[in-house]
Amino acid sequence: MKVSPSLLAANFADLTPDLEMINASEADYLHMDVMDGVFVPNISFGFPVIKSVSKICNKPLDVHLMVVDPEKWISAVSDAGGYIMNVHLEACRHLHSTVHLIHDAGMKAGVTLCPSTPVSMLVDIIEDVDLVLLMSVNPGFGGQPFIKNTLKKVRELRALIDSTDSHALIEIDGGINETTGSELAAAGADILVAGSYVFGALNPIERISILKAL
């Protein structure tokens, strides 16, 4: 299992110790949630923070844009050091174009689905994307309980990927811990995003290792 700890749960008064912990851990990526207060009812951080983090963190940055018109920010994400750019299907007017513009900018392209958005919406784009992020909580706030229907969606998405020429990875964000992570691994997930489960632990490196072993 790949693990992408979520910076949203880190200590924003002093990010350096948490970033050094991520560097020393088995984490595969660092997940970064950019919120605009419009697409979701919260505001997090922007591109100057991502750029500063990229200078310290040696893990690829998994940037998740919870914003309207995400195509406007492709070059900003790339310039800030993004490796993966995740955009919400619900926020894109022309998703196919956006995915290919992300690729043209030199990044991996991810498409994110909110809990109420069906997997079937991906049928015409699944072979173009590198990653699908399924939200297992409603986007905008950390610490929410896991939505169990996500397991069904993971199985549906795995079947869609396996039935096409897609090589997309399946990433899950929200309510991740050892129990939900194990269930998601069995359903076919490839990457787990974990916030409070990692950063709220006395031994966050151990928590990352637990998820890695699933």
Side-chain angles (χ1 to χ4, degrees), residues 4-10 12 15 29-55 57 59-119 121-122 124-126 128-144 147 150 153 157 168-176 191-196 199:
S4 188
S6 176
L7 189 74
L8 198 63
F12 276 84
L15 288 174
Y29 311 99
L30 178 64
H31 193 81
M32 306 191 73
D33 291 307
V34 178
M35 306 178 188
D36 64 356
V38 180
F39 181 72
V40 293
N42 201 2
I43 295 174
S44 58
F45 51 80
F47 306 113
V49 171
I50 297 173
K51 192 166 188 175
S52 295
V53 166
S54 71
K55 295 176 181 178
C57 185
K59 307 290 183 175
L61 301 185
D62 172 19
V63 182
H64 175 195
L65 265 65
M66 303 184 196
V67 304
V68 297
D69 301 325
E71 65 278 0
K72 293 180 180 179
W73 306 109
I74 293 172
S75 61
V77 175
S78 178
D79 292 345
Y83 175 74
I84 300 168
M85 180 171 170
N86 276 299
V87 298
H88 271 263
L89 179 148
E90 304 89 356
C92 289
R93 292 184 179 87
H94 305 290
L95 182 58
H96 185 271
S97 175
T98 300
V99 164
H100 285 275
L101 288 171
I102 292 170
H103 283 150
D104 290 345
M107 296 181 290
K108 301 290 186 182
V111 172
T112 306
L113 301 187
C114 289
S116 61
T117 303
V119 168
M121 296 289 286
L122 295 168
D124 293 320
I125 196 69
I126 193 64
D128 296 279
V129 300
D130 303 293
L131 182 147
V132 175
L133 172 58
L134 298 180
M135 294 299 299
S136 46
V137 298
N138 289 298
F141 296 92
Q144 298 179 63
I147 296 173
T150 308
K153 291 180 73 172
L157 180 54
L169 298 176
I170 301 175
E171 183 174 30
I172 312 298
D173 183 2
I176 300 300
I191 307 170
L192 300 177
V193 176
S196 54
F199 289 103

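What you are looking at is a predicted structure, and each value in this text was computed from that prediction instead of being measured.
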Within this structure, what is the [atom1]-[atom2] distance for the pair [X] and [Y], rounded to the nearest 0.5 Å?
X: Ser75; Y: Met107; atom1: OG; atom2: CE; answer: 8.5 Å
X: Leu122; Y: Leu134; atom1: CG; atom2: CG; answer: 8.0 Å
X: Ser4; Y: Leu30; atom1: OG; atom2: CG; answer: 6.5 Å
X: Asn42; Y: Met35; atom1: CG; atom2: CE; answer: 5.5 Å
X: Asp104; Y: Ser97; atom1: CG; atom2: OG; answer: 9.0 Å
X: Met32; Y: Leu8; atom1: CE; atom2: CG; answer: 10.0 Å

Shortest non-hydrogen contact from [X] toward [Y]:
X: Ser78; Y: Ala105; answer: OG-O, 3.2 Å
X: Ala10; Y: Leu15; answer: CB-CD2, 3.8 Å
X: Val111; Y: Val99; answer: CG2-CG2, 4.0 Å
X: Val119; Y: Lys153; answer: CG2-O, 3.6 Å
X: Leu169; Y: Tyr29; answer: CD1-OH, 4.3 Å
X: Ile172; Y: Ser136; answer: CG2-OG, 3.4 Å

Show your working on side-chain contact (heavy atoms from CB on, under 4.5 Å) between Leu133 and Ile191 and close with a plain yes or no. CA-CA 9 Å; Leu133 172 58; Ile191 307 170; over 6 Å; no

Reference residue Leu61; test side chain to side chain contact (heavy atoms under 4.5 Å, CB included); the match among Ile50, Val77, Ile84: Ile50

Is the shortest heavy-atom distance from the side chain of [X] to the side chain of [Y] under 4.5 Å?
X: Ile126; Y: Leu157; answer: yes
X: Asp79; Y: Lys51; answer: no
X: Asn138; Y: Pro115; answer: yes
X: Trp73; Y: Val34; answer: no

Determine, stepwise, if the pair Lys108 / Leu131 fulfils side-chain contact (heavy atoms from CB on, under 4.5 Å). CA-CA 8 Å; Lys108 301 290 186 182; Leu131 182 147; over 6 Å; no

Start with the C-alpha gap between Asp130 and His103, add the side-chain angles, then the distance that decides, and say whether side-chain hydrogen bond (donor to acceptor under 3.5 Å, both in side chains) holds. CA-CA 10 Å; Asp130 303 293; His103 283 150; 2.7 Å; yes

Would you give me the side-chain donor-acceptor pairs under 3.5 Å for residues 87-96, sequence neighbours excluded?
| unit_1 | atom_1 | unit_2 | atom_2 | d |
| --- | --- | --- | --- | --- |
| His88 | ND1 | Glu90 | OE1 | 2.9 |
| His88 | NE2 | His64 | NE2 | 2.9 |
| Glu90 | OE2 | Cys114 | N | 2.7 |
| Glu90 | OE2 | Thr117 | OG1 | 2.5 |
| Arg93 | NH1 | Asp69 | OD1 | 2.4 |
| His96 | NE2 | His100 | NE2 | 3.2 |

Check: Asp173 side chain, Met135 main-chain N or O, donor-acceptor pair, under 3.5 Å: no

Distance-only donor-acceptor check, side chains Asp33 and Ser44, under 3.5 Å: no

